[in-house]
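The structure appears right after this line, and notes come after that.
Every number for a ligand or one of its atoms is a count from 1 in the order of the listing. We're numbering straight along the sequence, starting at 1.
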Amino acid sequence: MSKVVVLKCGGSIVDELSEPFFGSLHELKKQGYKVVIVHGGGPAINSVLQSMNVQTQFINGQRKTTKQVLDIAEMVLAGQINKQIVRALEQNNLTSAGIAGSDGGILTADFLNEKELGYVGQISNVQIHLIKTLLDGDYIPVIAPIARTEDHQPLNVNADTAAAAIASALGAKKLLFVTDVPGILKEKQVINHTTPDEIEEMIGAGIINGGMIPKVQAAIKSLSQSLKEVMIVSGQSMFVTEQSILGTKITM
Ligand code: X2W
């Protein structure tokens, strides 16, 4: 599809989406872009699990998902967080519809490693029909990272992976990782453009540190033949102007 932008909103930013963020979405739409949002919700899942005294563990960035954890993840992602984002968009005059990746056959997955990780999905197929239908009706699809197997078993999917798969399937021009900083910073200045090699160097040199490391690594991992550009942008300040999208652009 022409001019599609996929935004990945991590769980740590969903409470902090600000007026400039919604203004940026209006600007993108004005420029003729179709907007799709894929969201996470890791921190909210953690807090529900904690309140129920259920231990949780991550292995290589994937949450070990027992049947009980799956039920909670689906409830929090497709319920609480998904509705929270849709409500905020609607309050800002952005018509949207909240769905899960398991709806309309969008995300089909296999078990990634059932023995080690339980109900965690590895995406095997993306069907864009429902997303396209919503976009054609001028809705912003807001998609929770739940997939299903061929046998309709729901599976928990890492939100970065879900966003990258959906962006590729849509032929999106850009995948934007919405974070709490305006991009990768070097001496307090936003770096406009960088590459995976330079990022590795900056991690080695300590220029990229702390919570930024998993964000840039997720962004790099999503680069592929069909998705040649990803960006890190801020959910707290205006990231789209009439002239350009502000943030750090990463290309191969
Ligand atoms: C993630 C899905 C949510 C997510 C989880 O259970 O936390 C797996 O790890 P963030 O906020 O974007 O990290 N799923 C399999 O990715 O949320």
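- Residue-to-ligand polar distances place Arg63 within reach of ligand 1: an N/O pair is separated by less than 3.5 Å.
- Comment: Asp103 does not engage Arg148 in a salt bridge, judged by the lack of any side-chain N to carboxylate O separation of less than 4.0 angstrom.
- Heavy atoms of Ala73 stay at 4.0 angstrom or farther from ligand 1.
- No part of Leu117 comes within 4.0 Å of ligand 1, judged by heavy-atom distances.
- For ligand 1, the atoms closer than 4.0 angstrom to any heavy atom of Pro43 are 11 (O).
- Protein heavy atom closest to atom 15 (C) of ligand 1, with residue, atom name and distance, is Gln62 OE1, 3.4 Å.
- The residues Glu27 and Lys30 are annotated as salt-bridged, a charged nitrogen and a carboxylate oxygen being separated by less than 4.0 angstrom.
- For ligand 1, the polar-atom distance check against Gly42 finds a nitrogen or oxygen pair separated by under 3.5 Å.
- The nearest protein atom to atom 14 (N) of ligand 1, hydrogens excluded, is given as Asn156 OD1, 3.0 Å; this is a heavy-atom distance.
- Atom 11 (O) of ligand 1 has Gly11 N, 2.7 Å as its closest protein atom, hydrogens excluded (heavy atom only).
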Inset, instruction - Show your working on side chain to side chain donor-acceptor pair (under 3.5 Å) between Asn46 and Arg63 and close with a plain yes or no. - result: CA-CA 10 Å; Asn46 290 342; Arg63 186 190 304 274; 2.7 Å; yes

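- Ligand-side atoms of ligand 1 in range of Gly40: 4 (C), 10 (P), 11 (O), 12 (O), 17 (O), range being under 4.0 angstrom from any heavy atom.
- Two residues are said to be in side-chain contact when any heavy atoms from C-beta on lie closer than 4.5 Å; Thr194 and Met202 meet this criterion.
- Residue contacts with ligand 1: Gly41 is placed with a nitrogen or oxygen under 3.5 Å of a nitrogen or oxygen of the ligand (distance criterion only).
- Side chains of Thr251 and His193: a donor on one and an acceptor on the other come within 3.5 Å.
- Figure legend: cation-pi geometry between Lys8 and Phe177 absent, as NZ or CZ is not positioned both under 6.0 Å from the six-membered ring centre and within 45° of its axis.
- Side-chain contact check for Asp180 versus Glu16: some heavy-atom pair is nearer than 4.5 Å.
- For atom 16 (O) of ligand 1, the closest heavy atom belonging to the protein is Ala159 N, 3.0 Å.
- Salt-bridge formation is not detected for the pair Lys132/Asp136: no Lys NZ or Arg NE/NH1/NH2 atom is positioned less than 4.0 Å from an Asp or Glu carboxylate oxygen.
- The N/O atoms of Thr65, backbone and side chain alike, include none that comes under 3.5 Å of an N/O atom in ligand 1.
- At the shortest separation from atom 12 (O) of ligand 1 among protein heavy atoms lies Lys8 NZ, 2.7 Å.
- Between Asp160 and Lys221 there is no salt bridge, since none of the side-chain N atoms of the basic residue sits less than 4.0 Å from a carboxylate O of the acidic one.
- The shortest heavy-atom distance from Ala44 to ligand 1 is not under 4.0 Å.
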